[in-house]
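After the structure tokens below, expect a handful of questions from me.
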Amino acid sequence: MSDRDAGGSSDESADGDSAAGPVAADGDPPARRVSDWDADRLADLAAEHGTPLYAQDLDRVRENCERLRDAFPDADVRYAVKAHTGRAVLEAVREAGLDAECASAGEVDRALAAGFGGERLHYTAVNPPARDLDYVVGVAEAEPALTVTVGAVDTLDRLAERGYDGRVCVRVNPGVGAGHHAKVRTGGAAKFGIPYDRAAEAARDAAERFEVVGVHAHAGSGIDPDQLDSHREMVSRMGALARKLAEPDGDAAGDGDAPAPLDLEYVDVGGGFGVPYEEDEPPLDLGAVAAATREAVAPLPAGADLAIEPGRYVVADAGVLLTRVNTVKPTPDERVVGVDAGMTDLLRPAMYDAYHPIRNLGGGRGGDGSDAPSPHEREATPVTVAGPICETGDTLCRDRALADPARGDLLAVGIAGAYGYEMASQYNSRPRPAEVALDDGTATVARRRESLTDVTAAERTEDRSGATAAPETEGER
Ligand code: LLP
């Protein structure tokens, strides 16, 4: 029996590099489906590195960057780092020419480490903790081309208190939201951005203290083709706002004190480009979205460019999560397939009821201990795929027809490259999974599997002699 056929994970296998052939069919399709991945290659990766295991294909990341740049040739494209912050991904995105949009000091730090210079760094401050502002203001001293995107007048004041007078972009709440779930529709949520009606005034006031270089809005995440109208509406509002700011105010107050027009560099309409999670869902027509965006924002003020901030689109279909079946339990109501990845590895199904395609790659054993037949020869059976976490919501799918899973089978969970590893946690004291980066056929361990020592690393512990070891204090960040 090969490792691939063995039940459970092979956690003991050495972390390291491995070379093999391509992971998917050649070409640059608009979406990579879970069925496009090479099953043998994935099985080899799982055997070598154990499960749960993320695999992130850098070639696909590059293709996605290229497709975005082709569709938006005249726009600044900024990768929303939060979708996947792995160093190898950040480097691939930087080399592909995209900027980095960061949501925290930590993300700025990681983008800097991956080689993004200040002129390619955009920090979007959402209720920023003091230590994040301290850090970013410090970075801006060395990298004055960095831009801080601000969604509240309070945040502007807090920046000024720290002596910051550099580049600022004003984040606006456009009043129009969109996205795959209510929890990710930012556009209408009061938490984000300065209300549209007050944005022009706030931007003009900000220009007295900072260099205001842009306006920004993000409707939400995972916008599918049906929501294009909301996207268009949001973009058109942003175009109107930018034009208004580029005009002299006309001395509305009548006091002879008309503010100067703002010289905007860009109008950033956020990210949110959806990807087809469902097997039969058509991919987003990026060309059509780009055309609609350009049309809705036009005419841009002289000297201002369009900017976009895709996260998911860059990395989602470049990633797959591999998990091993450890328990098959028939019950009167459903057939429960227990696997070694759960909501701590991939939170999206539990948090948003998100659909991820799942493919049974086989390799397991039947009830009598013999090798189970190839998945193609098995009957499609409705199953619940459940993780090892003590929560009812810890399922990857319910009532999904899969080639009847057997113990030891390897399952590939598709479109897992965005907000997968990033939202992983150590809940239930589960170490986070490993991740391999695939680059031109070579697999490199990008993030090693965590150990229990990692889980307790920040905790105050007592050694056997009774001496207490204080946790190492975190730095300023
Ligand atoms: N720009 C801003 C200001 C954002 O807040 C976001 C996402 C993006 C860009 C990128 O959006 P994308 O192109 O990736 O849709 N955890 C959720 C997604 C949360 C997104 C938050 N903000 C999920 O797994 O669906």
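Both ligands and their constituent atoms are indexed starting at 1 by order of listing. This structure is a prediction, so every number in the text was calculated from the model and none was measured.
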### Query
Is it true that the NZ or CZ of Arg312 lies under 6.0 Å from the centre of Phe273's six-membered ring and within 45 degrees of the ring axis?
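That pair does not qualify as a cation-pi contact.
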#### Entry: For atom 19 (C) of ligand 1, closest protein heavy-atom neighbour
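Of every protein heavy atom, Val184 CG1, 3.9 Å lies nearest to atom 19 (C) of ligand 1.
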### Query
Should Asp317 and Arg60 count as an ion pair when the cut-off is N to O under 4.0 Å?
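So Asp317 pairs with Arg60 through a salt bridge.
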### Message
Regarding atom 22 (N) of ligand 1: of the candidates Met351, Glu101, Lys82, Arg185, which has the closest heavy atom?
### Response
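Nearest option to atom 22 (N) of ligand 1, by heavy atoms: Lys82.
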### Query
Is there a side-chain contact between Val314 and Val93 (heavy atoms, below 4.5 Å)?
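Counting from C-beta outward, Val314 and Val93 do come under 4.5 Å.
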### From Arg171, Glu309, His84 - option closest to atom 9 (C) of ligand 1 by heavy atom
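Of the listed residues, Glu309 has the closest heavy atom.
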### Query
Would you find a donor on one side and an acceptor on the other, under 3.5 Å apart, between the side chain of Glu281 and the backbone of Tyr277?
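Here the side-chain-to-backbone pair exists.
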### Query
What atoms of ligand 1 come within less than 4.0 Å of a heavy atom belonging to Gly311?
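Listed by number with element, the hits are 10 (C), 12 (P), 13 (O), 14 (O).
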### Task
With heavy atoms only and a cut-off of under 4.0 Å, state how Ala83 meets ligand 1: side chain, backbone, both or neither.
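Looking at Ala83 and ligand 1, no heavy atom falls under 4.0 Å.
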### Task
If you have a sec, work out which protein heavy atom is nearest atom 24 (O) of ligand 1 and how many Å separate them, to one decimal?
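Here the closest protein heavy atom is Arg348 NE, 2.6 Å.
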### Message
For ligand 1 and Gly271, I'd like to know whether there is a polar contact (N/O to N/O, distance under 3.5 Å).
### Response
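Not met; the criterion fails.
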### Query
What residue and heavy atom of the protein are closest to atom 16 (N) of ligand 1, and at what distance?
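It is Tyr352 OH, 2.8 Å.
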#### Entry: Sub-4.0 Å atoms of ligand 1 with respect to non-hydrogen atoms of Tyr419
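Under 4.0 Å from Tyr419, ligand 1 has these atoms: 7 (C), 10 (C), 11 (O), 12 (P), 14 (O), 16 (N), 18 (C), 20 (C), 23 (C), 24 (O).
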### Task
Answer yes or no for Arg120 and Tyr79: cation-pi contact, defined as NZ/CZ to six-membered ring centre under 6.0 Å and angle to ring axis within 45°.
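No, Arg120 and Tyr79 do not form such a contact.
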### Query
Using a heavy-atom cut-off of under 4.0 Å, does the side chain or the backbone of Tyr313 touch ligand 1, or both, or neither?
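Neither part.
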### Message
With a 4.0 Å cut-off on heavy atoms, is Pro310 in contact with ligand 1?
### Response
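Yes; Pro310 lies near enough to ligand 1 that a heavy-atom distance drops under 4.0 Å.
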### Query
Which of the listed options, His180, His216, His218, His181, holds the heavy atom that is closest to atom 8 (C) of ligand 1?
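Among His180, His216, His218, His181, the closest heavy atom to atom 8 (C) of ligand 1 comes from His218.
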### Message
Using a 4.0 Å cutoff against the non-hydrogen atoms of Gly272, which atoms of ligand 1 qualify?
### Response
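By the 4.0 Å cutoff, the relevant atoms are 11 (O), 12 (P), 13 (O), 15 (O).
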#### Entry: Pi-cation contact, Tyr266 with Arg78 (under 6.0 Å, within 45°)
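Pair Arg78/Tyr266 counts as cation-pi.
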### Query
Are any of the side-chain nitrogens in Asp59 or Arg62 under 4.0 Å away from the carboxylate oxygens of its partner?
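Looking at Arg62 together with Asp59, the answer is yes, because their closest N to O distance falls below 4.0 Å.
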### Query
What residue and heavy atom of the protein are closest to atom 15 (O) of ligand 1, and at what distance?
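Result: Ser221 OG, 2.4 Å.
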### Message
Salt bridge or not between Arg359 and Asp409? Use side-chain N to carboxylate O under 4.0 Å.
### Response
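Result for this pair is no, no salt bridge flagged.
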### Query
Do Arg32 and Trp37 meet the cation-pi criteria used here (NZ or CZ under 6.0 Å from the six-membered ring centre, within 45° of the axis)?
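Positive - Arg32 is close enough to the ring of Trp37 and near enough to its axis.
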### Salt bridge flag under 4.0 Å for residues Arg430 and Glu450
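Looking at Glu450 together with Arg430, the answer is no, because their closest N to O distance does not fall below 4.0 Å.
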#### Entry: Atom indices of ligand 1, in the order listed, that fall short of 4.0 Å to a heavy atom of Ala80
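Matching atoms, with element in brackets: 8 (C), 9 (C), 10 (C).
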